[in-house]
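In what follows, a structure is listed as structure tokens, so that the remarks can point back to it.
Throughout, protein chains are lettered first and strands after them, A, B, ... in sequence-line order, and every chain is numbered starting at 1.
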Number of protein chains: 2
Amino acid sequence: MSSVDLTAPALSDRKISILEAATVLFAKHGYAAVSIRDLAREIHTTPAALYHHFPDKDAIYTAALRHVFSDRAKALGTIVKGDDAPDVTLERLIIWLTQQFSDNPVLARLVQRELLAGDRDRLRLLTEDVMAAPFREIERLMHRLAPAKDASLSAASIIALVMGYVQLTPVLEVLTGQRNTKQSLKDFAAHTKNLVLHGLLAQPQPKAPS
Amino acid sequence: MSSVDLTAPALSDRKISILEAATVLFAKHGYAAVSIRDLAREIHTTPAALYHHFPDKDAIYTAALRHVFSDRAKALGTIVKGDDAPDVTLERLIIWLTQQFSDNPVLARLVQRELLAGDRDRLRLLTEDVMAAPFREIERLMHRLAPAKDASLSAASIIALVMGYVQLTPVLEVLTGQRNTKQSLKDFAAHTKNLVLHGLLAQPQPKAPS
DNA sequence: GGCTCCTAACTGAACGTTCGTTTGGGTAAC
DNA sequence: GTTACCCAAACGAACGTTCAGTTAGGAGCC
């Protein structure tokens with residue numbers, strides 16, 4: 001439950017189908033609450049068959065994590081590739097980031113579970129494969145948009161805001177009484193963009209009337 | 001102050017000591033990963049002894065949740081009681097909220113786990129006992145500070161931001177290379193306050209100079 | 001074609017361990 | 001004697017894992 005191999009092992013089709021089911025189950029219930037028999041039942045096979053492809057349960061979980069986390073930064077390239085103004089790019093980036101988490105509950109939940117588990121090696125995997133690219137990109141944009149502010153802190157805030165909001169959704173449904181819709185997600189992204197742009201770009205100008 | 005609490009079951013000292021240990025273990029490892037034997041060992045007793053005080057494992061977990069979640073809104077009263085200007089109160093509230101999560105890892109982790117578990121009844125408990133009071137208070141403040149903006153969305157954003165940041169801490173340590181300190185937490189609270197105050201209070205005024 | 005050989009993929013059954021829970025009895029206090 | 005509390009021991013079920021044996025399919029040779 002600790003060391004993580006950094007090399008990609010070229011997975012067979014069968015292995016991928018196992019991991020596909022594993023990611024769903026582990027995301028939904030957590031590592032300890034998913035048994036090998038549960039996983040085997042899900043893909044209509046036997047526990048022993050799984051041990052033909054993976055040495056133990058831990059290896060399945062780690063491989064499933066890798067499978068979900070890998071290549072997560074690819075789509076980011078198309079988002080920031082254009083030579084739009086930084087604030088436009090930032091807006092696209094915030095929307096993309098929000099969708100990344102809300103359209104992909106398996107990813108979102110595995111990320112949350114890993115943050116809770118706190119395993120050092122897997123935290124590094126999470127950081128490098130999932131978090132680093134958006135963070136660096138937002139950091140870069142914020143550095144251009146608001147050089148006076150702490151770009152790292154701003155980037156952290158944006159990611160934290162998006163993550164926290166997606167997580168809070170069920171609570172907010174209870175608090176505000178309305179179900180989460182595509183529209184409220186759009187609203188949130190726009191809200192966040194305005195919050196960041198106005199909050200961080202505004203020169204710290206006192207309220208004294210000129 | 002003569003209200004009678006209808007829900008509190010009047011826990012004995014022994015029960016409280018059991019729940020105290022249970023909260024720590026469940027927060028750290030999650031429900032499925034903590035066995036009755038683990039819990040019994042932690043408080044130097046036997047599994048059977050626990051069944052004298054609680055009917056089953058689930059009841060222990062639920063009671064532990066209640067024990068941590070209960071009276072969470074009490075301290076909030078002193079925060080918002082003063083008749084300071086709304087923006088000053090908001091700043092105190094943000095700092096308080098940040099400390100609430102970061103100084104209390106057991107609470108923070110149980111909240112995160114409950115958000116992941118998604119059980120309807122326990123989500124309602126979480127919402128009412130932990131989330132509602134700060135949410136309503138921030139909502140009220142924001143309504144006074146920025147009547148034009150969606151106060152619920154703003155309140156949700158603030159709570160999401162604080163929650164997300166606390167969660168992200170281990171990842172940020174990897175990304176920025178520096179360990180989390182009391183100071184960086186203060187910085188975050190101040191940063192958030194400015195973000196919210198400037199970002200939401202600034203009238204949507206185009207950049208054209210008057 | 002048929003035949004052998006090999007290997008990957010899988011199965012059914014079982015291993016020992018740990019799980020949540022129960023039982024029956026014991027001890028101290030009222 | 002009743003009650004509250006606790007223990008040692010055990011219950012059946014489920015756990016991760018192993019193992020001997022079966023199947024399917026291709027390669028190599030005739």
Check the distance between dC15(D)'s P and Leu25(A)'s CG and give it to me in whole angstrom.
12 Å
Those residues at least two apart in sequence (or on a different chain) that pass salt bridge (Lys or Arg N to Asp or Glu O under 4.0 Å) with Glu20(A) are none
Value in whole Å for how far the C1' atom of dC6(D) lies from CD1 of Ile43(B)
12 Å
Inspect the surroundings of CG in Asp13(B) and state if more than 12 heavy atoms from other residues, nucleotides or ligands are less than 6.0 Å away.
no
In this structure, how many angstroms lie between the C1' atom of dT22(C) and the OH atom of Tyr51(B), rounded?
9 Å
Which whole-number value in Å describes the distance from Lys57(A) NZ to dT18(C) P?
15 Å
For Lys15(B), which residues count as a salt bridge (Lys or Arg N to Asp or Glu O under 4.0 Å) partner, sequence neighbours excluded?
none
Between atom CG in Asp56(A) and atom P in dC15(D), what is the gap in whole Å?
17 Å
I need a per-nucleotide contact map over nucleotides 8-13 of chain C, read 5' to 3'. Cutoff is protein heavy atoms under 4.0 Å; write B for the base, S for backbone only, - otherwise.
SBSBB-
Sequence neighbours excluded, which residues qualify as ring pair (Phe, Tyr, Trp, His ring centres under 6.0 Å) partners of Tyr31(B)?
Phe26(B), Tyr61(B)
In terms of heavy-atom contacts, Pro170(B) and Leu115(A) come closest through CG-CD2, 4.4 Å
Calculate the interatomic distance between Leu50(B) atom CG and dA4(D) atom P; express it in whole Å.
18 Å
Of all heavy-atom pairs between Ala156(B) and Phe135(B), which one has the smallest distance, and what is that distance?
N-CE1, 3.7 Å
Any side-chain donor paired with an acceptor under 3.5 Å for Gln167(B) and Gln167(A)?
yes
Using the C1' atoms of the five pairs at each end, what is the angle between the end axes of the helix from dG1(C)-dC30(D) to dC30(C)-dG1(D), to 10°?
0°
Residue Ser35(A), side-chain atoms from C-beta onward, closest of dT21(C), dC15(D), dT17(D)
dC15(D)
Length of the CZ-P vector between Arg37(A) and dT18(D), whole Å:
13 Å
Sequence-distant partners of Tyr165(B), ring pair (Phe, Tyr, Trp, His ring centres under 6.0 Å), two or more places apart:
Phe188(B)
In whole angstroms, how far is the P atom of dA10(D) from the CD1 atom of Ile36(B)?
21 Å
Arg124(A) and Asp121(A) ion-paired at < 4.0 Å
no
